[in-house]
Amino acid sequence: MSGMAKILMTVGIILILISVLLPWLQKLGLGTLPGDIMIKRKHFTFYFPIITSIIVSILISVIVWFFRK
């Protein structure tokens with residue numbers, strides 16, 4: 001298997017795990033951290049989880065780094 005295929009498989013597995021664990025992660029407060037932007041208007045809601053995205057990115061980077069070793 002090529003290197004790119006291994007990376008894609010790892011990312012796919014991580015995405016599946018995140019989607020399965022999402023209800024429990026939301027109970028921990030992931031997605032509503034300080035620094036996440038939420039703008040609510042009458043008929044419009046804009047949500048951009050900056051800090052949550054950074055934390056998830058760091059976790060994925062550590063997991064990928066661990067599997068490469």
Side-chain angles (χ1 to χ4, degrees):
M1 208 185 279
S2 70
M4 182 59 97
K6 287 181 184 178
I7 292 172
L8 289 174
M9 298 247 326
T10 303
V11 170
I13 291 170
I14 290 170
L15 289 174
I16 291 170
L17 287 173
I18 289 172
S19 66
V20 168
L21 297 174
L22 193 60
W24 292 284
L25 294 175
Q26 287 176 341
K27 288 181 183 177
L28 294 174
L30 199 61
T32 56
L33 297 172
D36 291 345
I37 297 172
M38 181 180 287
I39 301 171
K40 288 185 179 181
R41 302 282 189 234
K42 190 172 183 178
H43 298 288
F44 174 76
T45 301
F46 175 76
Y47 178 68
F48 187 65
I50 295 173
I51 302 301
T52 301
S53 299
I54 292 171
I55 291 173
V56 169
S57 174
I58 290 170
L59 287 173
I60 290 172
S61 296
V62 168
I63 291 169
V64 169
W65 175 80
F66 181 73
F67 281 116
R68 284 189 177 178
K69 288 275 176 172

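Just so you know, residue 1 is the first one in the sequence shown, and it goes up from there.
Rounding to the nearest 0.5 angstrom, the gap separating the CD1 atom in Ile39 from the CZ atom in Phe48 is 11.5 Å.
Phe66 and Leu17 end up in different hydrophobic clusters when Ile, Leu, Val, Met, Phe, Trp and Tyr side chains are linked at under 4.5 Å. In this structure, Leu59 is a member of the same hydrophobic cluster as Ile51, with clusters built from ILVMFWY side-chain heavy atoms closer than 4.5 Å. Note on Ile13: it does not cluster hydrophobically with Val56, by side-chain heavy-atom contacts below 4.5 Å among ILVMFWY residues. Follow the hydrophobic side-chain contacts under 4.5 Å out from Ile37 and you reach Ile54 in the same cluster.
Residues passing the side chain to side chain contact (heavy atoms under 4.5 Å, CB included) test with Lys40 are Met38, Thr45, sequence neighbours excluded. Under the rule for a side chain to side chain contact (heavy atoms under 4.5 Å, CB included), the partners of Leu21 that lie at least two apart in sequence or sit in another chain are Trp24, Leu25. Under the side chain to side chain contact (heavy atoms under 4.5 Å, CB included) criterion, Thr10 pairs with Ile14, Val64, Phe67, not counting sequence neighbours.
For Asp36 against Ile50, the heavy-atom pair with the smallest separation is OD1-N, 3.3 Å.
Side-chain atoms of Ser53 come within 3.5 Å of backbone N or O of Pro49 as a donor-acceptor pair.
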